[in-house]
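For reference, the structure discussed in these notes is given below.
For this chain, numbers begin at 1 and follow the sequence in order. One-based numbering, in listed order, for ligands and for the atoms of each. What you see below is based on every heavy atom in this structure, not just the backbone, and it leaves out hydrogens, waters and symmetry mates.
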Amino acid sequence: MARETNEVEDASVLDAQIVEDYEYIVPQSSQLTNPFPMPSCQGITLEEATIDQIQDYMTQGVLTSQDLVQCYMERYFQLNPYLNSVLQVNPDVFDIASDMDAERANGTVRSPLHGIPFLVKDNYGTKDKLNTCAGSPMLLGSIVPRDAFVVSKLREAGAVLFGHASLSEWADMRSNDYSEGYSPLGGQSRNPYNLTINGGGSSTGSAGSVAANMIMFALGTETDGSIIDPAGRQGVVGLKPTVGLTSRDMVIPESHNQDTTGPHARTVRDATYILQYMYGVDENDDKTAEQIGKVPEDGDYVKFVSDKSALKGAKFGLPWDRIWSQAKEDEIERLYEVLDMLTEAGAELINNTDWKNPAASISVDGWDWAYGDTRGFTNESEFTVVKADFYNDIKKYLAQLNNTNIRSLEDIVEYNYANDGTEGGNPGTLPAFASGQDSFLASLEWKGVYNETYYQALDYIHRTTREEGIDYALNYTDPSTGENFQLDGLIVPTSVSVTYQQAAMAGYPVINIPIGIREDTARPFGLSIMQTAYGEPQLIKYGSAIEDLVKGRETPKFYDYLSKVVPVL
Ligand SMILES: *[C@@H]1O[C@H](CO)[C@@H](O)[C@H](O)[C@H]1NC(C)=O
Ligand SMILES: *[C@@H]1O[C@H](CO)[C@@H](O)[C@H](O)[C@H]1NC(C)=O
Ligand SMILES: *[C@@H]1O[C@H](CO)[C@@H](O)[C@H](O)[C@H]1NC(C)=O
Ligand SMILES: *[C@@H]1O[C@H](CO)[C@@H](O)[C@H](O)[C@H]1NC(C)=O
Ligand SMILES: *[C@@H]1O[C@H](CO)[C@@H](O)[C@H](O)[C@H]1NC(C)=O
Ligand SMILES: *[C@@H]1O[C@H](CO)[C@@H](O)[C@H](O)[C@H]1NC(C)=O
Ligand SMILES: *[C@@H]1O[C@H](CO)[C@@H](O)[C@H](O)[C@H]1NC(C)=O
């Protein structure tokens with residue numbers, strides 16, 4: 001719209017003109033009100049509703065699963081043109097909801113998830129009318145033999161699969177320089193707090209759909225940060241389980257050493273319900289056998305959900321060297337404020353609980369899974385492990401599909417070259433994939449060889465992040481009394497990306513709790529708790545306690561909602 005303000009001399013006329021124009025000009029960053037208020041659902045406030053609340057409504061008979069699906073469908077049509085958080089809607093979703101309603105009417109409530117709609121990232125195999133593609137058109141029409149194990153468990157618990165969430169294509173395995181949340185199939189998945197900026201990834205749409213109240217919960221996957229990073233940047237709870245607690249069967253893989261499946265939710269209690277019905281031993285994923293004897297004896301994680309009173313007497317470590325010392329300027333004031341709140345609530349914070357040798361695994365230049373290579377040691381690099389694993393793991397996954405010619409990394413790379421204009425096979429073709437498919441090429445070059453270099457790297461990343469890293473920091477000896485004890489967790493700023501990278505290499509669990517909104521970009525940020533293998537009970541207990549104390553989640557305001565900029569930074 002052209003505004004001829006230069007011809008207006010009377011200042012009051014100018015004011016009037018501007019005011020009038022503002023009815024037509026989209027108020028961008030300066031917008032004061034939420035442009036996408038969420039309508040009520042059958043007179044019930046669905047926005048920010050918890051699983052417990054929804055179950056109560058369904059028990060009372062004032063809301064059905066079909067109502068929920070209808071309301072989320074309307075939300076999808078309201079928001080998805082802007083956010084692209086949802087990649088595909090399940091055409092059977094109303095039928096599934098109707099079945100769950102009939103069961104409930106007949107007296108069967110399978111679990112707290114009965115009738116609750118959810119999304120899974122597009123790399124979860126679902127044996128239905130949906131495509132499982134990790135965002136890549138090359139897998140359209142391929143047929144999976146079965147649901148991913150965790151998806152089948154959630155279906156058994158009565159949860160209603162609404163569709164697939166958007167993601168960074170191939171869960172970020174393909175490129176070093178890319179736009180987070182972009183896939184050729186799903187387009188750019190956007191951060192609902194500020195659509196011009198990076199929503200984190202690779203489970204971008206999983207976190208974003210939950211943040212924008214487009215769904216009750218979503219599943220993400222993580223190899224290195226892909227659940228925790230988008231949870232932090234989009235203001236939701238992300239729970240990344242220990243590698244081995246939740247099955248990866250029929251999930252498009254990166255590395256069997258590091259891949260996990262886990263939830264995004266708006267509260268820790270909701271995330272815990274989901275974990276409760278996801279975890280378990282799966283004969284198709286050997287790694288899950290390791291959980292035997294390490295999960296709660298009664299199998300119940302939900303009992304660990306707590307409130308701020310649990311903080312009294314809790315002892316947390318603050319790893320300072322290369323972690324807190326890298327906290328972001330725009331977050332530090334609030335982070336310190338939260339630390340003060342923790343102390344006032346009765347927790348003891350112990351500073352300088354560091355890794356034995358922080359420089360061995362923690363980069364000072366941000367997230368870098370080739371940090372070993374950067375230091376000149378391929379035999380000490382996380383990327384050596386991931387790139388070798390990917391080559392073999394993707395081949396095994398693809399071998400299980402029907403109706404596809406894509407059988408190997410060679411085929412994947414070839415497809416991207418052959419369709420350069422949409423797939424960005426070459427550097428510089430697409431703004432979303434500035435470096436083309438360089439990570440794929442690195443994996444292709446290594447060809448999945450498991451030799452001494454690989455095993456040295458695997459041992460190295462485990463040792464430096466486990467016994468000399470997270471476990472070392474958790475095992476605290478008071479220098480003045482000599483008393484030795486295990487800390488209840490390590491508290492770290494989520495935005496310091498090297499934190500979740502440590503947990504990724506170790507295969508250890510992390511939880512993100514939203515604590516505030518940054519002033520520079522209006523995006524959320526969080527605080528994470530780190531623990532040792534199978535430390536989920538502590539993460540749930542203290543995560544819910546901190547959530548109750550801080551109440552740091554805010555709903556998005558959709559700043560710059562017309563932005564279609566790519567790449568997002
Ligand atoms: C209702 O419950 C009865 C008895 O358990 C069962 O036989 C019937 O199939 C159920 N109907 C539905 C719609 O679930
Ligand atoms: C693939 O096709 C074969 C032959 O028809 C069949 O036996 C097998 O079950 C199919 N697998 C999947 C994943 O559909
Ligand atoms: C922790 O110790 C470092 C020095 O190692 C210091 O700079 C920092 O301010 C301390 N943080 C807190 C919260 O006490
Ligand atoms: C292991 O294999 C990789 C890829 O072929 C190669 O670069 C590396 O030098 C090998 N390491 C050893 C010790 O042979
Ligand atoms: C990696 O190789 C270097 C020699 O190039 C050696 O000094 C170092 O100990 C090796 N690292 C591991 C973890 O074996
Ligand atoms: C904790 O550290 C102490 C003292 O350094 C050591 O003796 C003990 O074995 C460690 N415990 C664990 C569980 O690593
Ligand atoms: C949104 O992010 C952009 C940077 O991409 C920033 O310039 C703008 O101020 C942000 N909007 C708000 C409301 O903070």
Assess the residue pair Phe390 and Phe440 against the criterion (ring pair (Phe, Tyr, Trp, His ring centres under 6.0 Å)); give the C-alpha distance rounded to whole Å, side-chain angles, the decisive distance to 0.1 Å, and a yes or no.
CA-CA 9 Å; Phe390 179 70; Phe440 276 168; 5.5 Å; yes
Sub-4.5 Å side-chain heavy-atom contact between Arg523 and Phe525:
yes
Can the positive tip of Arg190 be found less than 6.0 Å from the middle of the six-membered ring of Tyr82, inside 45° of the ring normal?
no
Validate the cation-pi geometry between Arg375 and Tyr371: distance from NZ or CZ to the six-membered ring centre under 6.0 Å, angle to the ring axis within 45°.
yes
Within the side chain of Thr223, is there an N or O that forms a donor-acceptor pair under 3.5 Å with the backbone of Glu254?
no
With respect to Tyr559, determine whether any N or O atom, backbone or side chain, lies less than 3.5 Å from an N or O atom of ligand 7.
no
Is there a polar contact, in the sense of an N or O pair closer than 3.5 Å, between Thr196 and ligand 7?
yes
Output for ligand 5, non-hydrogen cut-off under 4.0 Å, lists Asn379, Glu380, Gln456, Tyr460
Logged contact type for Leu569 with ligand 7, heavy-atom cut-off 4.0 Å, is neither
Tyr561 vs Phe36, ring pair (Phe, Tyr, Trp, His ring centres under 6.0 Å): CA-CA, chis, key distance, verdict
CA-CA 10 Å; Tyr561 63 84; Phe36 305 114; 5.3 Å; yes
Test: Asp520 and Arg518 ion pair at under 4.0 Å
yes
NZ/NE/NH1/NH2 to OD/OE distance under 4.0 Å, Arg334 and Glu331:
no
Val449: numbered ligand 4 atoms lying under 4.0 Å from its heavy atoms:
2 (O)
